[in-house]
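What follows is a set of notes on a single structure, which appears directly below.
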Amino acid sequence: LISIYERKQEAKNPFFRVVELTDETEDPAIWGKNFPFQYDAYQRTVDMVRTRFGGSEAMPRTPTQADPRSVVSESRLEEDPRLVTMWAGYAFSKDFREERGHAYMLEDQIYTERQQVAKQPGTCIHCHASVYVPYKKLGGGDLIKGFEIMNQMPYEEAKAKVTHPVACIDCHDPQTMELRVTRPGFLEGIKALKASQGIPDYDPNTMATRQEMRSFVCGQCHVEYYFKGTEKRLTYPWFKGLKADEILAYYDETGFKDWTHAESGAEALKAQHPEFEMWNQGIHARSGVACADCHMPYMREGAHKVSDHHVRSPLLNINRACQTCHKFPESELKERVELIQERTFQMRNIAMDALMDLIGEIKASKESGATDDHLAEARACQRRAQFLLDFVEAENSTGFHAPQEAARILTLSLDHSRRGQMALRKSS
Amino acid sequence: LISIYERKQEAKNPFFRVVELTDETEDPAIWGKNFPFQYDAYQRTVDMVRTRFGGSEAMPRTPTQADPRSVVSESRLEEDPRLVTMWAGYAFSKDFREERGHAYMLEDQIYTERQQVAKQPGTCIHCHASVYVPYKKLGGGDLIKGFEIMNQMPYEEAKAKVTHPVACIDCHDPQTMELRVTRPGFLEGIKALKASQGIPDYDPNTMATRQEMRSFVCGQCHVEYYFKGTEKRLTYPWFKGLKADEILAYYDETGFKDWTHAESGAEALKAQHPEFEMWNQGIHARSGVACADCHMPYMREGAHKVSDHHVRSPLLNINRACQTCHKFPESELKERVELIQERTFQMRNIAMDALMDLIGEIKASKESGATDDHLAEARACQRRAQFLLDFVEAENSTGFHAPQEAARILTLSLDHSRRGQMALRKSS
Amino acid sequence: MSMSLAALVPSKTSKSLLVALLITGAAVGSVGGVGLYTFIYARGGSYLTNDPAACANCHVMQDHFDAWTKSSHHGVAVCNDCHTPHNFFGKYLTKALNGYHHSMAFTLDNFHEPIQITPRNRAITEQACRDCHQDIVDAIDRFHDPDKNISCLQCHDSVGHQAD
Ligand SMILES: [Ca+2]
Ligand SMILES: [Ca+2]
């Protein structure tokens, strides 16, 4: 009774402008006064719930001086020690965990053991904190300038400039609440991509549709990246396209490497979370389905609809995330996803075993005295096989965002491992 | 006005029972008197139109005594000579063509050069002619008995017993016009499959839903098969399941081989048109979409709706075949299919090259004196790699019926080729 | 009466559901009372008209209303043409039943979202397709028992509600 009356009221007042928001209002709690539904949900990204391949599991740990966290997520290295071999000599071989909710992004970056084994630049912060206000402050009002300055700071120094994990201001215009892209990395990356397709001077904030923006705000961070040059400029390698093999071609052309593999001596690459790139190759992107449609589906709060700001695995919210479009029972939709993921996982494991074989053989040849010349082709194969495999491995949907494309990339990877093994044979 | 009146009449009498049909009425032209729309369309399966990967192209040829056909479809062996190597020593390496419409099934079987290089049994006829009436006649009213008798005849003798390509009576009950399965191969195959899933005594003709029957009638022929034992009994190898690896496990367990590979000496297997099996692994089957939904979509004929009996590539009929369910433009749907097919084709080519490498290496080892013992593992790998690759290659949708599953099978194939190469290396 | 009821209510389960609902409504007076109140206040009475806008009186029906305005049937069929049986008795019984059920659901706010059509109402909708399109589908269904009829919604589920 009351509930109907309330709803009729609510419908007329979708929100109350309790406080005035400006382009300097960083603290999400203040935004939350105007938008309590969104804020409440946003705070729930602290929840940790496991799905078959995603979500995250709360692992208790004893806090230490160096790392005060009492709960972390699962170690992926313990789950699959082949990853340690794949990344031998690189910080990832020390610590790599299942990713969890947005609430943790800043502390997880600060305390990862990767910080202890390698000196990281301020660039890292771009995707792990609310940087919009800090960048503008550092740049004297100029976002890009602030970005450039922070990139070149040591991580410790940069860290002190930021306070919150990704916040309202990073995705929303405080006046209109419209979506906006605030990340220089994405602004430059998408511009380069569009230029390669013949569209000059692309600016998502003025040229993208609303539906595109519902993915672009996520593409600000959920992408493959590297640090370019001595200025450590954050760069999205999209100059030849978004596909794994196109990105690899770009790295090969520029001669970039992330590190030299400790066991084989190959000039290796590390792929990271290319969700945006993979989603782009899938049927959902092609059908105009955005990240937010599945990861922030609309939910009804009384008489109005709000986007669920509890960003998480859609498998924890199948009815809202999928059933608006797919009229199958929840259990059936879950099985469909898991079937796709199981297949991806099987192929990933096959490609991984092949890579282990190759690394082992290069290492053995090296130890038995093979020259760099002899090893060159096999190492080039390793570099390629490894990057392609990692592209699927690092992509967090376990193939769901683009099942056949993930399989194609794994096939390429497996073939490079095979050719690497053949190359050793030929040269010996 | 007249036309409306006519249609109203038609609608009330969507067909005229002009002739009485019995369980002996083989000639489709007679059925066509009652069902002219279906018969007219049925006759149009003589059309030859190419799609990017399917359909068929009319290639003129000079008729000869041995083969009076003046038009055939493209030679797949000329398109890709690697197939000749894959099938070295087997009849398929002599002649293998793109399949075309149902109207040609009997003549294409009779005149394929495969008939000239190998003695085929009467079993072949099961899927290339209207056999329902001939089987029953041969068996004295008993379908299965007639089947067994024809299986053991030489092809030439069996051929003389049949007249038409697949006809109305092979899919329809002449009294009720309901769908029915008439093929012993399918009746026994599906029974074994269901038994393996704990369902005893399965009979599609009494237990299947109408929607299931809309695929089962095609599954009568569009399946992988082999000839079992000296009786050459047509057998669908579904005892462990319908997936390529499950079928391979069955063949491995029973020790079956199709032939011994002429170049490598491997005990090889040939996979044939597993459309039914692959479709079963795809999202469409899972969503209840039947073969007939895409290959025989409804069409409007005057005042009523009939199933399009011009069975063909859905890409030649996208609006009816796809757009009822997918509201995207025709060009977009075509592109979606071709993207899936291009990816499958790329992976297929990678797996094919790897197989060529393996066959080449086994051959070379053999020629340089390797013993059978040394070659055993590599040959076993070839057998597996080849069957799995052929499963996707022989499946006529170029991956569309189950894109990710096709990719998974190709990955398994590629890995077996790789392991075969490694095995040679180890043993040498 | 019992005969016509059986004709209106397709399956035994929904029949007993109906009976249970009616009994519950009568016995648990307070709930029934609230339901009735809601029915009036939330303009549940709009169930009794044929005006589609009336269905959208309930905001939870708004999306379906919007999607209907974009559908191929916008100009030829209103909600009730598809969602109530095409006979007088069945029409008002179904309206009463759904009106009551939806009012309760709306008040208690405890329904599954997205809203899913119930099997009973799905069957009514299927029958509505057949009633209007009797002629054209005759050829594809005439050879089958009614319980072996192919489901129209399997291929045409968006005729009444076209997304975007
Ligand atoms: Ca996770
Ligand atoms: Ca063809």
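Chain letters run A, B, ... following the sequence lines, proteins first and then strands; every chain starts at 1. Values below: all heavy atoms of this structure, side chains included; hydrogens, waters and symmetry mates excluded.
- In this structure, the side chain of B:S287 does not engage the main chain of B:V289 through any donor-acceptor pair within 3.5 Å.
- The environment of A:K366 atom NZ is dense: over 12 non-hydrogen atoms of other residues, nucleotides or ligands sit within 6.0 angstrom.
- How far CD of B:E275 is from CG of B:N396: 4.5 Å, rounded to the nearest 0.5 Å.
- In this structure, A:K327 places its NZ atom where only 12 or fewer heavy-atom neighbours from other residues, nucleotides or ligands lie under 6.0 Å away.
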Does the pair A:L248 and A:D252 meet the rule for a side chain to side chain contact (heavy atoms under 4.5 Å, CB included), with working shown? CA-CA 6 Å; A:L248 178 58; A:D252 282 347; 4.0 Å; yes
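- Annotation: the span from B:Y250 atom OH to B:E253 atom CD amounts to 8.5 Å, rounded to 0.5 Å.
- Contacts from residues 328-335 of chain B to chain A, taken as heavy-atom pairs separated by less than 4.5 Å, involve B:F328, B:E332, B:E335 in sequence order.
- In this structure, the separation between CD on A:E367 and CD on A:E263 is 8.5 Å, given to the nearest 0.5 Å.
- Rounding to the nearest 0.5 Å places CG of A:L358 at 11.0 Å from CG of A:L414.
- For B:Q281, the parts sitting under 4.5 Å from any heavy atom of chain A are the backbone and the side chain alike.
- Take A:Y251 and apply the ring-ring contact (aromatic ring centres under 6.0 Å, His included) test, not counting sequence neighbours, and it matches A:Y226, A:F256, A:F387.
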Applying salt bridge (charged side-chain N to carboxylate O under 4.0 Å, His left out) to B:R418 and A:D415, what does each step give before you reach the verdict? CA-CA 8 Å; B:R418 181 184 77 88; A:D415 196 42; over 6 Å; no
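- In this structure, chain A has no heavy atom under 4.5 Å from any part of B:L410.
- Of the listed residues A:H326, A:E361, A:R419, A:R408, the one with more heavy-atom pairs under 4.5 angstrom with chain B than any other is A:R408.
- Chain A forms the most heavy-atom pairs under 4.5 Å with one residue out of B:I350, B:D357, B:L339, B:I340, and that residue is B:I340.
- For a residue to count as touching a neighbouring chain, one of its non-hydrogen atoms must lie under 4.5 Å from one of that chain's; by this rule B:Q346 touches chain A with the side chain only.
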Is there a side chain to side chain contact (heavy atoms under 4.5 Å, CB included) between A:L389 and A:M86? Walk through the geometry before answering. CA-CA 10 Å; A:L389 167 57; A:M86 170 150 91; 4.1 Å; yes
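- Residues of residues 399-406 of chain A lying under 4.5 angstrom from chain B, judged on non-hydrogen atoms, are A:P403, A:Q404, A:E405 in numerical order.
- Residues passing the salt bridge (charged side-chain N to carboxylate O under 4.0 Å, His left out) test with B:E377: none are found, sequence neighbours excluded.
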